[in-house]
Structure formats: C-alpha cells, structure tokens
Amino acid sequence: MIQTVLGKIEKGAFGICAAHEHLSIDLSRIKGDPDTILDDEVGMLSELSFFYEAKGKSMVELTNDGMGRDVNRLKRLSEQSGVHIVTCTGFYKDPFIPEFAADWGRDEFAAHFLKEIKEGIETTDIYPGVIGEVGTSVNEIKPIEKELILGAGHAARESGLPVSTHTSLGTLGSKQVEMLFGLGVDKEQIIIGHQDLNPNKEEVLDVLQSGVYIGFDTIGKNNYRPNEERLAFLLDFIELGYHKQVLLSADLTRKSHWHKHDGPGYDLVLRDFIPELRKRGVSEEVIMDLLINNPANAFAIKEM
C-alpha cells in the first residue's frame, strides 16, 4: 500500500508519478526571495491540471516542516484535482531545519518522525507516506545533517516508509547510502535524490550499484545542468540495466517554474523529456518502469 493525503491506496492505483515535487512551499526565510514562495492555492490547482491532462496521476510532495508544509492544503488539492498526493515527515538540511529542532540528535529526530507517522501530522488525520526530503550540503555532511539522516533512517527501519534524500548538486549520495545501510535500512526503502545534477558518472554508478533508487528529479533545470547531459547519463544507465532504480521528476520550487508565470510546469517531464527518450529508442516497457512501476515500488510501505 501507498499512503496518500486521502488515505492508503493500492500500488496499482498510483499510476504515472512525479516522484519529487513541491506544490506549497516557502523557502524565503533563508533564501530571501519571494519567487521561492508558492502560496497561491487556486494557482496550484490550475498547475496540477496541466499535469493531470498529461496523464499524470500521482505526485510525491516533499515540502516538510521548515519549508512551508501545509498538509490540509495538499488534501484539498488532491480532492479537487484527482491527483494522488503523498506528503512527508522530515526536515530538509542546514540551515532550513526549524529552530525548535536545531540541537536535536538522531533519537529526537526519529521520535518526531515516528510520532507523525503513527499519529498523523500536527493535529490532522493526514499521514505521511515518505520521510523526506532529508539532506546534506555540497560535499559536506554537517553534524546536524548527520543526525538528521540517521534519525530518518531509524524511523524508516521502524515504520517501513521510504526515505527520500536531498543531495546538494548530487554530491555525497554514496555517503548517504552508507549511513542508511549502516542502520539496516533496506535498499528498497532508499531514494537518493538529485543524482541527475552530479556530472561525475562514476559517483552516480556507485549509488546505483548499491541497489537503491535514485532521483533524476531536477529535469528541466538547465541552469544547473543541461537536459542533454541528463539524457546522455540516463540512456547509459538504461543500457547498463539500471532502469528499474530510476525515478523522474522536475522539483519545481518557484513561482517562475509555473505555467502561470511562463515556466515549464509540472507536466514538463511528460511533455518534453519522455518524448526525447522515445526518440532515442527507449522502449515503452522501460518508460513504464520509469513513470509507473518504479515509483509504485519505491513508495509502497514495506512490511516490517
């Protein structure tokens, strides 16, 4: 089963999934940029309609506490749009961790996440379906980030929920895997994010060889890395037989990413990236894995 904001659903109902997105978010406390505030609920519904019309059925929304999480809003959006939405428990990375948790250790992080998993988020009856996005800095794991990742791992091992990570510019994915494996977290529960941002193919292959899932989840962010390079890496990974471990998404976090503001929108992967894969000879069977089967497997709650 997969836990959505409207309750648990069967894996077979999940459909085409965007595996790492943000609908309601506010990063302005740290970034100081109003473009990083998504608070227009009517606009969110409109933007979701583009995704739905492109045959998108599910979205994993990884805005956690400290990033502007609003699970009641996500519930309304799911009810009105027909899109299954998975929300999260977790904290992002330094310096986005809320002040009340700034000096927590792994046990306190784990206890907080497990409370939301077992009792619901805040005062709602809405439950998280993933622990994330929990992250590390560029080529550095700060002490608080180490405790956060380990706390997330403990909560994953006890709850059966997947952990979805943030790697800054794709770095330190293997270190994150090592930390989570060290706690006994199963490879099927681990999603290492933003691996499409790492230009070092050997580092990404090292993550894939561990058997975990990876996110090719910043598709369209050509200011970080051209999509042509993402395509080249992905085609190589498919050729090497790793296509069952890859999840796709665009990770939209700004007003300027929305159609309303002349951005690419949540349908970007389905509208532009998948046709490019088809042009380059990727089979429908592999595309079904990337869009449907892999996320359904990755976000299914594991029996503990």
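The residues of the chain are indexed from 1 along the displayed sequence. Since the structure is predicted, the reported quantities are computational estimates derived from the model, not experimental observations.
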Novice: Looking only at side chains, do E285 and S283 share a donor and an acceptor under 3.5 Å apart?
Specialist: no

Novice: Taking the side chain from S78 and the backbone from L74, do they hold a donor-acceptor pair closer than 3.5 Å?
Specialist: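 No; judged by distance alone, with no hydrogens or angles, the pair does not exist.
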
Novice: Pairs under 3.5 angstrom only: tabulate donor-acceptor contacts from the side chains of residues 98-107 to other protein residues two or more places apart or in another chain.
Specialist:
{"residue": "W104", "atom": "NE1", "partner": "F100", "partner atom": "O", "Å": "3.2"}
{"residue": "R106", "atom": "NE", "partner": "E147", "partner atom": "OE1", "Å": "3.0"}
{"residue": "R106", "atom": "NH2", "partner": "E147", "partner atom": "OE2", "Å": "2.8"}

Novice: Is there a donor-acceptor pair closer than 3.5 Å between any side-chain N or O of S58 and the backbone N or O of C17?
Specialist: no

Novice: Using the ring pair (Phe, Tyr, Trp, His ring centres under 6.0 Å) rule, collect all pairs that involve residues 145-167, keeping only residues at least two apart or in two chains.
Specialist: Y92-H166, H166-H194

Novice: Would you please name every residue forming a side-chain hydrogen bond (donor to acceptor under 3.5 Å, both in side chains) with E228, sequence neighbours left out?
Specialist: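 With sequence neighbours excluded, E228 shows a side-chain hydrogen bond (donor to acceptor under 3.5 Å, both in side chains) to R280, given in chain and number order.
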
Novice: I'd like to know if the side chain of S28 and the backbone of K31 have a donor-acceptor N/O pair within less than 3.5 Å.
Specialist: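 The answer is no, because no donor-acceptor pair under 3.5 Å joins these two groups.
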
Novice: Does the side chain of V286 come within less than 4.5 Å of K244's, by heavy atoms?
Specialist: no

Novice: Check whether any side-chain N or O of N294 sits under 3.5 Å from a backbone N or O of V246 as a donor-acceptor pair, and report yes or no.
Specialist: yes

Novice: Under the rule for ring pair (Phe, Tyr, Trp, His ring centres under 6.0 Å), what residues qualify as partners of Y213, not counting sequence neighbours?
Specialist: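 Not a single residue meets the ring pair (Phe, Tyr, Trp, His ring centres under 6.0 Å) criterion with Y213.
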
Novice: Restricting to non-hydrogen atoms, name the atom on C88 and the atom on P128 that form the minimum distance, rounded to 0.1 Å.
Specialist: C-CB, 3.6 Å

Novice: Measure from the side-chain N and O atoms of R69 to the backbone N and O of I25, and report whether any donor-acceptor pair falls under 3.5 Å.
Specialist: no

Novice: Are any side-chain N or O atoms of Q195 and backbone N or O atoms of G173, one a donor and one an acceptor, separated by less than 3.5 Å?
Specialist: no

Novice: Rounded to the nearest 0.5 Å, what's the gap from CG on D70 to CG on L77? Could you check?
Specialist: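 Rounded to the nearest 0.5 Å, the CG-CG separation comes to 9.0 Å.
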
Novice: More than 12 non-hydrogen atoms from neighbouring residues, nucleotides or ligands closer than 6.0 Å to CE on M1, yes or no?
Specialist: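 Enclosed: over 12 neighbouring heavy atoms sit under 6.0 Å from CE of M1.
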
Novice: Other members of the hydrophobic cluster containing Y127, with the 4.5 Å side-chain heavy-atom rule, please.
Specialist: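 Joined to Y127, directly or through intermediates: none.
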
Novice: Can you confirm whether V163 sits close enough to I191 that some side-chain heavy atom of one is under 4.5 Å from a side-chain heavy atom of the other?
Specialist: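 They are not in contact (no side-chain heavy atoms under 4.5 Å apart), so the answer is no.
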
Novice: Apply the hydrophobic cluster definition, ILVMFWY joined by side-chain contacts under 4.5 Å directly or through others, and give me every member besides V42.
Specialist: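 ILVMFWY cluster around V42 holds nothing else.
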
Novice: Checking D125 now: which residues fulfil salt bridge (Lys or Arg N to Asp or Glu O under 4.0 Å) with it, not counting sequence neighbours?
Specialist: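 D125 satisfies salt bridge (Lys or Arg N to Asp or Glu O under 4.0 Å) with K75 only.
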
Novice: State which residues pass side-chain contact (heavy atoms from CB on, under 4.5 Å) with N223; sequence neighbours excluded, sorted by chain then number.
Specialist: K221

Novice: Side-chain contact test, heavy atoms from C-beta onward, threshold under 4.5 Å: evaluate it for F216 versus L247 and give yes or no.
Specialist: no

Novice: Working note: D196 + R225, criterion salt bridge (charged side-chain N to carboxylate O under 4.0 Å, His left out); need CA distance, chi angles, decisive distance, verdict.
Specialist: CA-CA 8 Å; D196 57 326; R225 192 178 186 211; over 6 Å; no

Novice: Within a strict 4.5 Å, meaning less than it, do heavy atoms of the K11 and I2 side chains meet?
Specialist: yes

Novice: Does E276 pair with R230 as a salt bridge, N-O distance under 4.0 Å?
Specialist: no

Novice: If you define the side chain from C-beta out and look only at heavy atoms, does anything of K146 sit under 4.5 Å from L150?
Specialist: yes

Novice: Please tell me if the side chains of S210 and K187 come closer than 4.5 Å, counting only heavy atoms from C-beta onward.
Specialist: no

Novice: Are the side chain of E61 and the backbone N or O of L23 linked by a donor-acceptor pair below 3.5 Å?
Specialist: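 Checked: pair present.
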
Novice: What I'd like to find out is whether the side chain of T87 reaches to under 4.5 Å of the side chain of I126, using heavy atoms alone.
Specialist: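 Yes, side chains in contact.
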
Novice: Could you walk me through whether T136 and T171 pass side-chain contact (heavy atoms from CB on, under 4.5 Å), step by step?
Specialist: CA-CA 8 Å; T136 52; T171 62; 5.8 Å; no

Novice: Would D33 and R254 satisfy salt bridge (charged side-chain N to carboxylate O under 4.0 Å, His left out), going step by step from the backbone distance to the final call?
Specialist: CA-CA 10 Å; D33 182 352; R254 292 174 172 267; 3.0 Å; yes

Novice: Does T63 reach the main-chain N or O of S24 with its side chain, forming a donor-acceptor pair under 3.5 Å?
Specialist: yes

Novice: If you apply the rule side-chain contact (heavy atoms from CB on, under 4.5 Å), what do you find for D26 with D39, and how did you get there?
Specialist: CA-CA 8 Å; D26 186 351; D39 59 359; over 6 Å; no

Novice: Answer yes or no: is there a donor N or O on one side and an acceptor on the other, between the side chain of Y242 and the main chain of L205, under 3.5 Å?
Specialist: no

Novice: With a 4.0 Å cut-off, would you call E41 and R76 a salt bridge?
Specialist: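 Looking at E41 and R76, the cut-off is met.
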
Novice: Taking side-chain hydrogen bond (donor to acceptor under 3.5 Å, both in side chains) as the definition, give me every residue that meets it alongside H257, ordered by chain and number, with sequence neighbours left out.
Specialist: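 Here no residue qualifies.
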
Novice: Picking from T124, N64, T89, what satisfies side chain to side chain donor-acceptor pair (under 3.5 Å) with E116?
Specialist: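 Of all the options given, the one that passes is T89.
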
Novice: Tell me every residue that passes ring pair (Phe, Tyr, Trp, His ring centres under 6.0 Å) with F233, counting only those two or more places apart in sequence or in another chain.
Specialist: F237

Novice: Among residues two or more places apart or on two chains, list those pairs meeting salt bridge (Lys or Arg N to Asp or Glu O under 4.0 Å) that have a residue in residues 85-96.
Specialist: D94-K142

Novice: Kindly say whether N293 contributes a backbone atom to a donor-acceptor pair with the side chain of N297 at under 3.5 angstrom?
Specialist: yes

Novice: Compute whether any side-chain donor of one residue and acceptor of the other, for T167 and Q176, lie under 3.5 angstrom apart.
Specialist: no

Novice: Any side-chain heavy-atom pair from D65 and F91 closer than 4.5 angstrom?
Specialist: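 Yes. Closest side-chain heavy atoms under 4.5 Å.
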
Novice: Take a 6.0 Å sphere around NZ of K8 and say whether it holds more than 12 heavy atoms from other residues, nucleotides or ligands.
Specialist: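 Not more than 12 within 6.0 Å, no.
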
Novice: Sort and list the pairs that fulfil ring pair (Phe, Tyr, Trp, His ring centres under 6.0 Å) and have at least one residue in residues 30-83, not counting sequence neighbours.
Specialist: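 Listed once each, the pairs are F50-H259.
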
Novice: Side chains of T165 and E133 only: does a donor on one sit below 3.5 Å from an acceptor on the other?
Specialist: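 Their side chains do not contain a donor-acceptor pair, so the 3.5 Å distance test is not met.
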
Novice: Looking only at side-chain N and O atoms, does D206 offer a donor or acceptor that is under 3.5 Å from a partner on S174?
Specialist: yes

